[in-house]
Protein chains: 2
Amino acid sequence: MGQTNPPFMSGVPELLLLQQLAQREMYGYELVRSIRLVTGEAISLGEGVIYPVLHSLERNGALKAKRKAVAGRTRVYYSLTAKGRKRLQRLQSEWQRIQSGITAALESPGHA
Amino acid sequence: MGQTNPPFMSGVPELLLLQQLAQREMYGYELVRSIRLVTGEAISLGEGVIYPVLHSLERNGALKAKRKAVAGRTRVYYSLTAKGRKRLQRLQSEWQRIQSGITAALESPGHA
DNA sequence: AATATATACCTATTGGTTCAAGGTATGTAC
DNA sequence: GTACATACCTTGAACCAATAGGTATATATT
């Protein structure tokens with residue numbers, strides 16, 4: 001009954017995160033800075049967003065985690081699985097779709 | 001205290017709506033179809049989204065409403081005020097900013 | 001004449017995402 | 001030894017949008 005679809009623009013944090021991990025394995029704290037960087041400060045996702053997404057993606061089998069001790073500190077490195085790569089592709093094309101839709105709407109005849 | 005910023009991608013429904021009304025005055029039910037059309041079906045906002053946004057924008061002075069009776073039925077036509085046009089511009093550049101940020105992240109070195 | 005569908009307005013409730021804030025712990029710089 | 005950066009994590013609230021419902025009139029269908 002009360003079954004609600006996710007808002008049409010959700011999943012962008014997940015998209016950015018997967019995209020970063022597609023480049024190379026990274027750990028959570030690193031992702032926070034990395035995403036802020038590659039988006040040119042346009043998007044800044046806090047740890048409160050990153051960590052839960054990482055955990056849920058791992059539970060889902062889209063990511064695999066690997067603990068590494070570096071300088072006496074523990075880091076959890078994440079990398080994509082095959083499932084994760086597929087998920088990234090799906091999110092990419094979804095984003096492409098809505099991004100194009102909005103662009104079309106903004107360009108329409110508004111420039112007159 | 002518990003002051004939370006709006007989610008970074010919100011306000012897109014409002015943006016699309018204002019953009020449509022910048023072309024010509026329209027009524028709510030019309031906007032629902034119009035937005036679905038101009039976005040190439042990519043985005044479909046229901047009446048439950050449109051009407052509340054219209055009302056809040058009117059309360060805010062960004063829109064002005066005008067009732068018209070057409071074929072025995074009442075329509076409420078909305079058009080932009082100066083404040084609404086300013087708001088549209090702000091939302092446009094905000095969108096541009098995050099859109100560019102995401103594009104940059106997706107293009108970054110991912111093409112290797 | 002009755003029923004269904006499209007127009008046209010509206011609201012309340014849910015539900016999912018994100019945000020801010022805090023909480024722990026170790027290493028390094030002053 | 002105090003402060004700051006690193007590195008992990010969770011809880012709570014806030015917010016937006018999606019579904020679903022609710023009213024009413026006109027038109028098309030049977």
Side-chain angles (χ1 to χ4, degrees), chain A residues 1-17 25-37 39 42-60 63 65-78 91 94-95 98 101-102, chain B residues 1-17 25-36 39 42-60 63 65-78 91 94-95 98 102:
Chain A
M1 316 298 175
Q3 165 73 341
T4 312
N5 282 344
F8 65 97
M9 300 253 298
S10 68
V12 170
E14 195 182 314
L15 168 59
L16 293 173
L17 196 150
E25 63 175 17
M26 291 173 95
Y27 55 99
Y29 194 76
E30 187 183 10
L31 276 163
V32 171
R33 290 171 306 186
S34 163
I35 288 177
R36 194 172 44 215
L37 241 178
T39 61
I43 295 171
S44 189
L45 302 175
E47 303 173 35
V49 174
I50 294 298
Y51 287 114
V53 172
L54 283 172
H55 298 156
S56 102
L57 284 173
E58 190 193 3
R59 249 179 284 130
N60 242 278
L63 296 181
K66 187 172 48 172
R67 306 187 98 72
K68 277 190 197 174
V70 178
R73 212 178 259 112
T74 306
R75 293 178 181 168
V76 185
Y77 280 87
Y78 292 91
L91 288 179
E94 254 175 44
W95 168 255
I98 76 129
I102 295 176
Chain B
M1 306 308 181
Q3 165 74 340
T4 312
N5 282 345
F8 67 97
M9 300 253 298
S10 69
V12 170
E14 195 182 314
L15 167 60
L16 294 173
L17 195 150
E25 64 174 18
M26 291 173 96
Y27 54 99
Y29 193 77
E30 187 183 10
L31 276 163
V32 171
R33 290 171 306 186
S34 165
I35 288 177
R36 195 173 43 215
T39 61
I43 296 171
S44 188
L45 303 174
E47 303 174 34
V49 174
I50 294 297
Y51 286 113
V53 173
L54 283 173
H55 298 156
S56 102
L57 284 173
E58 191 194 1
R59 260 193 311 265
N60 243 277
L63 296 182
K66 186 171 49 171
R67 306 188 98 75
K68 279 189 196 173
V70 178
R73 212 179 259 112
T74 305
R75 292 178 182 168
V76 184
Y77 280 86
Y78 293 91
L91 288 179
E94 254 174 45
W95 168 253
I98 76 128
I102 295 176

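Chain letters run A, B, ... following the sequence lines, proteins first, then strands; residues in each count from 1.
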- Task: Determine the contact category for A:R67: base if any of its heavy atoms lies under 4.0 Å from a base atom, sugar-phosphate if only primed atoms, P, OP1 or OP2 are that close, otherwise nothing.
- Result: nothing
- Task: Please report, rounded to the nearest Å, how far the C1' atom of D:dA17 is from the CD1 atom of A:I98.
- Result: 13 Å
- Atom CG of B:L17 and atom CG of B:L54: how far apart are they, to the nearest 0.5 Å? 5.0 Å
- Who pairs with B:Y51 by side-chain hydrogen bond (donor to acceptor under 3.5 Å, both in side chains), at least two apart in sequence or on another chain? none
- Reckon A:G48 touches a base, only the sugar-phosphate, or nothing at all at heavy-atom distances under 4.0 Å? base
- Among the candidates D:dA7, C:dA8, C:dG16, find the nucleotide nearest to the side-chain atoms of B:Y29. C:dA8
- To the nearest Å, give me how far apart CZ (B:R59) and P (C:dC10) are. 12 Å
- Non-hydrogen atoms of B:V32 and B:L45 that approach each other most closely: CG1-O, 3.5 Å
- Message: As a test of reading the structure: which of C:dT11, D:dA17, C:dC19 is closest to the side chain of B:T4, going by heavy atoms?
- Response: C:dC19
- Message: As a test of reading the structure: which of C:dT18, D:dA17, C:dA8 is closest to the side chain of B:F8, going by heavy atoms?
- Response: C:dT18
- Can you list the residues that meet the salt bridge (charged side-chain N to carboxylate O under 4.0 Å, His left out) rule with A:E25, with sequence neighbours excluded? A:K66, A:K68
- Whole Å only: how far is the CG atom of B:L54 from the P atom of C:dC10? 8 Å
- Of the nucleotides D:dC8, C:dT7, C:dC19, which one has an atom closest to the side chain of A:Y51? D:dC8
- Non-hydrogen atoms of B:A42 and A:G101 that approach each other most closely: CB-CA, 4.0 Å
- Item | Upstream residue (5' side of DNA chain D) when B:V53 and A:V49 are each assigned their closest nucleotide | A:V49
- Item | Side chain of A:N5 - closest among C:dC10, D:dA18, C:dA20 | D:dA18
- How long is the span from the OH atom in B:Y77 to the CG atom in B:L31, to the nearest 0.5 Å? 10.5 Å
- Note on the structure: Against the side chain of A:S10, the closest entry in D:dA18, C:dT17, D:dT10 is C:dT17
- Message: Can you measure A:H55 atom NE2 to C:dT17 atom P for me and round it to whole angstrom units?
- Response: 17 Å
- Query: Would you say B:S34's side chain and B:E30's backbone share a donor-acceptor pair under 3.5 angstrom?
  - Reply: no
- Among C:dC9, D:dC8, C:dC19, the nucleotide that comes nearest once only the side chain of A:Y27 is considered: D:dC8
- Item | Spacing of A:I35 atom CD1 relative to C:dT18 atom P, expressed in whole Å | 11 Å
- Whole-Å distance separating the CG atom of A:L45 from the P atom of C:dC19: 6 Å
- Item | Closest listed nucleotide, where the reference is the side chain of B:P7 and the choices are C:dT7, D:dC16, D:dA14 | D:dC16
- Taking OH from A:Y78 and P from D:dA7, how many angstroms apart are they, rounded to a whole number? 14 Å
For nucleotides 22-26 of chain C, give me every protein contact, N/O to N/O, under 3.5 Å, one pair per line with atom names.
unit_1, atom_1, unit_2, atom_2, d
C:dT26, O2, A:R73, NE, 3.4
C:dT26, O2, A:R73, NH2, 2.6

- Atom of B:G28, atom of B:I50 and distance for their closest heavy-atom approach: O-CG2, 4.0 Å
- Query: Nearest-Å distance, CZ (B:R75) to P (D:dA26)?
  - Reply: 13 Å
